[in-house]
Colleague: 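Just passing along the structure, written as structure tokens.
Everything quoted here is computed from the prediction, not taken from an experiment.
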Amino acid sequence: MSQSKAAPHRRTHARNLGAWGRILKGLLVAVAVSAAGILVFALLMQWLKPSDGVIRVFNQVLKLASIVIGVIAAVGRGGEKGLLRGAAVGLLYMGLGVCLYAVLTGQQLPITAYLGDLGMGLAGGGLTGMILSNLSVK
């Protein structure tokens, strides 16, 4: 008689979402991180009086951090298709940001600026998703 010791089957909420649900979850988390970061930075600006250069750097760091945290929410450690899901989260997040910037400010940036932002989202999200997919689940 041999007894099989199979690992307990755990269903998590993230697995029930499906691929598009996970991407949407990651996008919403990334947007929430950005909103919180912008709010905190806006409050700090009253006391710190940062230069334009500091504001630009903070903006880029916040966008990248938002993408990373959004991809973590979408893919998770050891998740499947991390490269594609991460790239999708990053691309959608940056695409949403580019559209909102254009609509809210009414300014037209050079196409290279828009493409640079989209490329950063695609690359940052894809790399983060790839790394997460290759981390083993304990």
Colleague: Among all residues two or more places apart in sequence or in another chain, which pass the side-chain contact (heavy atoms from CB on, under 4.5 Å) test with A30?
Modeller: S66, Y93
Colleague: Provide the full list of ring-ring contact (aromatic ring centres under 6.0 Å, His included) pairs with a residue in residues 108-135, sequence neighbours left out, each pair given once.
Modeller: none
Colleague: Check side-chain contact (heavy atoms from CB on, under 4.5 Å) between L92 and all other residues, then give those that pass, not counting sequence neighbours.
Modeller: I23, L27
Colleague: Does anything in residues 27-52 pair up under salt bridge (charged side-chain N to carboxylate O under 4.0 Å, His left out), and if so which pairs, sequence neighbours excluded?
Modeller: none
Colleague: Which pairs pass salt bridge (charged side-chain N to carboxylate O under 4.0 Å, His left out) with one or both residues in residues 101-113, sequence neighbours excluded?
Modeller: none
Colleague: By the salt bridge (charged side-chain N to carboxylate O under 4.0 Å, His left out) test, which pairs, at least two apart or in different chains, include something from residues 96-111?
Modeller: none
Colleague: Donor-acceptor pairs under 3.5 Å, side chain of residues 96-112 to any protein atom, not counting sequence neighbours: which ones?
Modeller:
unit_1	atom_1	unit_2	atom_2	d
Y101	OH	Q107	OE1	2.8
T105	OG1	Y101	O	2.6
T105	OG1	Q107	N	3.2

Colleague: Transitive ILVMFWY cluster of V29 at side-chain heavy atoms under 4.5 Å: who else is in it?
Modeller: V33, I69
Colleague: Transitively linked via ILVMFWY side-chain contacts under 4.5 Å: V57 with L64?
Modeller: no
Colleague: Determine, using the 4.5 Å side-chain heavy-atom cutoff (strictly less than), whether V61 and I67 are members of one ILVMFWY cluster.
Modeller: no
Colleague: Spell out, as yes or no, whether a donor-acceptor pair under 3.5 Å connects the side chain of S133 to the backbone of G79.
Modeller: yes
Colleague: Between atom CG of L39 and atom OG of S34, what is the distance when rounded to the nearest 0.5 Å?
Modeller: 12.0 Å
Colleague: Linking I/L/V/M/F/W/Y whenever any side-chain heavy atoms sit under 4.5 Å apart, do V89 and V31 land together?
Modeller: yes
Colleague: Rest of the hydrophobic cluster containing M45 (Ile/Leu/Val/Met/Phe/Trp/Tyr, side-chain heavy atoms under 4.5 Å)?
Modeller: I38, F41, I55, F58, L62
Colleague: Which residues pass the side-chain contact (heavy atoms from CB on, under 4.5 Å) test with L48, sequence neighbours left out?
Modeller: L44, P50
Colleague: Donor-acceptor pairs under 3.5 angstrom involving side-chain atoms of residues 117-129: please list them, not counting sequence neighbours.
Modeller:
unit_1	atom_1	unit_2	atom_2	d
D117	OD1	K63	NZ	3.4
D117	OD2	K63	NZ	3.3
T128	OG1	G124	O	2.8

Colleague: Name all pairs fulfilling the salt bridge (charged side-chain N to carboxylate O under 4.0 Å, His left out) condition that reach into residues 78-105, sequence neighbours left out, sorted by first residue then second.
Modeller: none
Colleague: Indicate the atoms forming the closest heavy-atom contact of G26 with A73, along with that distance.
Modeller: CA-CB, 4.4 Å
